[in-house]
> 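This is the structure I have questions about; it appears just below.
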Amino acid sequence: MVSRPHGGRLVDRVARGGSRRRLLAEAGEMPRLSIGDGLAADVANIAHGVYSPLEGFMVQEDYQSVLHDMRLSSDLPWTIPVVLDASPEELAGVREGDEVALYHRGRPLAVLRVEEIYGWDRREYALNVYKTLDPGHPGVARLSRRKELFVGGPLLLIEEPSEPFEEVRLWPKETRVLFEARGWRTIAAFQTRNVPHLGHEYVQKAALTFTDGLFINPLVGWKKPGDYRDEVIVEAYQALIGSYYPRDSVVFSVLRMEMRYAGPREAIHHAIVRKNFGATHFIVGRDHAGVGSYYGPYEAWELFREFPDLGITPLFVHEAFYCRKCGQMVNEKICPHSDEYRVRISGTMLRRMIKRGERPPEYMMRPEVAEVILKHPSPFIEEG
Amino acid sequence: MSEKIPVHISRELYEKAKKFIEEQGGFQSVEELVEFLLQEALLAEEAGPAEMSREDEEKVKERLRALGYI
Ligand SMILES: [Zn+2]
């Protein structure tokens, strides 16, 4: 059976029919908040149940509870704040109880009923979520640009934000129907923000050996400079799956959601989100959602142990490497040989080779995948 | 939301609401409570139903077929 949504019910905050027409007509008269791409993605994710049980942006009680207890005020596990920031100027004249229109790229996207407007503390946020105040941390750096106030309250989506990857974008209600249609009872979800190398393939196939299906769900949207561009990730996976995966045992779709680089906390968040898509298992690798050396390589695994009530089973998979003595891809747990036989696949090394236009060796990356990346004029996100 | 108009409710219900606020707190007046509850009810109405209908499921399957997922 596919997983029950987090909190028991898949949230649906998409306005339809008459109420959508009414809200669209009234949105022009409401106080207006302009939001960027990341928040627009959050709005759509809330409306389509990706963040179930959230029906809107967090009010203070939930926000504080998430910061300090890693749970919503209802006690349900939740580790990453989902908050809407605005400046006092933008909120001039807006009172609790009012409806405000959220505009994205000049178009009305959603209507939010303001339940609460509250101040927040950057240090408190950063120390709890990121465990650091270092502005070199990409999540902390972005936090410094967020505005002084948070606006909490339920929302209704009135217009779908445009999605360049529409043809490979599925919402939870769609993946749930799809998994059922395929007759899958156990589904392992794989989160990624990278192009696949043989280590990833090994980990995914190790999970798929014991589950009915594999759900590969890369994030598209803002990532830090140096990460792969969205279209490169999508095309690389399509090339890999087309040549090396049984078509009926894998579902590939993208999720528009920004990386926070919050390591262990974000790993839990990634798992909850995939539970809402219907996954029963979630693959957690080394340094999940980490960046630099802010988090220990297996710190995320430890954190999962604090959530026996998560409702999705983590699969802890050790980093894969090629062992010349074993003659295959293995991991720490199953290979007894010393480092002299082990060939590690480093993402950093691959990046360097690709930047120089070199083709990575086949024990690191499938030639079809390398082809896609190398033919792209600029596979990496650039500074600025 | 600035302009207010009067609405009539039964005295009995009004007294009950008043008592509720006195005991539970959280609201300054019956008016505030009524406005809050109405908002909640209307928002819940406007959002889609919790369970997917047969028709919705067919629509989803249609899209999945069109995209080559099934
Ligand atoms: Zn070995």
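Sequence lines set the chain letters: A, B, ... in the order given, protein chains first and strands last, and positions in each chain run from 1.
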> Considering only heavy atoms, which portion of A:Arg20 lies under 4.5 Å from any heavy atom of chain B: side chain, backbone, both, or neither?
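For A:Arg20, no heavy atom lies under 4.5 Å from chain B.
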> Just by distance, with hydrogens left out, do B:Tyr69 and A:Glu174 show a side-chain donor and acceptor under 3.5 Å apart?
no
> Hey, is the main chain of A:Val11 close enough, under 3.5 Å, to the side chain of A:Arg13 for a donor-acceptor pair?
no
> Below 4.5 Å from any heavy atom of chain B, which atoms of A:Glu55 appear? Answer side chain, backbone, both or neither.
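When you check distances to chain B, no heavy atom of A:Glu55 falls under 4.5 Å.
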> Out of curiosity, A:Asp230 CG to A:Glu235 CD, how far, rounded to the nearest 0.5 Å?
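Going from the CG atom of A:Asp230 to the CD atom of A:Glu235 covers 11.0 Å.
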> A side-chain contact here means heavy atoms from C-beta on lying under 4.5 Å apart; do A:Asn45 and A:Arg256 qualify?
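They are not in contact (no side-chain heavy atoms under 4.5 Å apart), so the answer is no.
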> Can you tell which part of A:Arg247 gets under 4.5 Å to a heavy atom of chain B, answering side chain, backbone, both or neither?
side chain
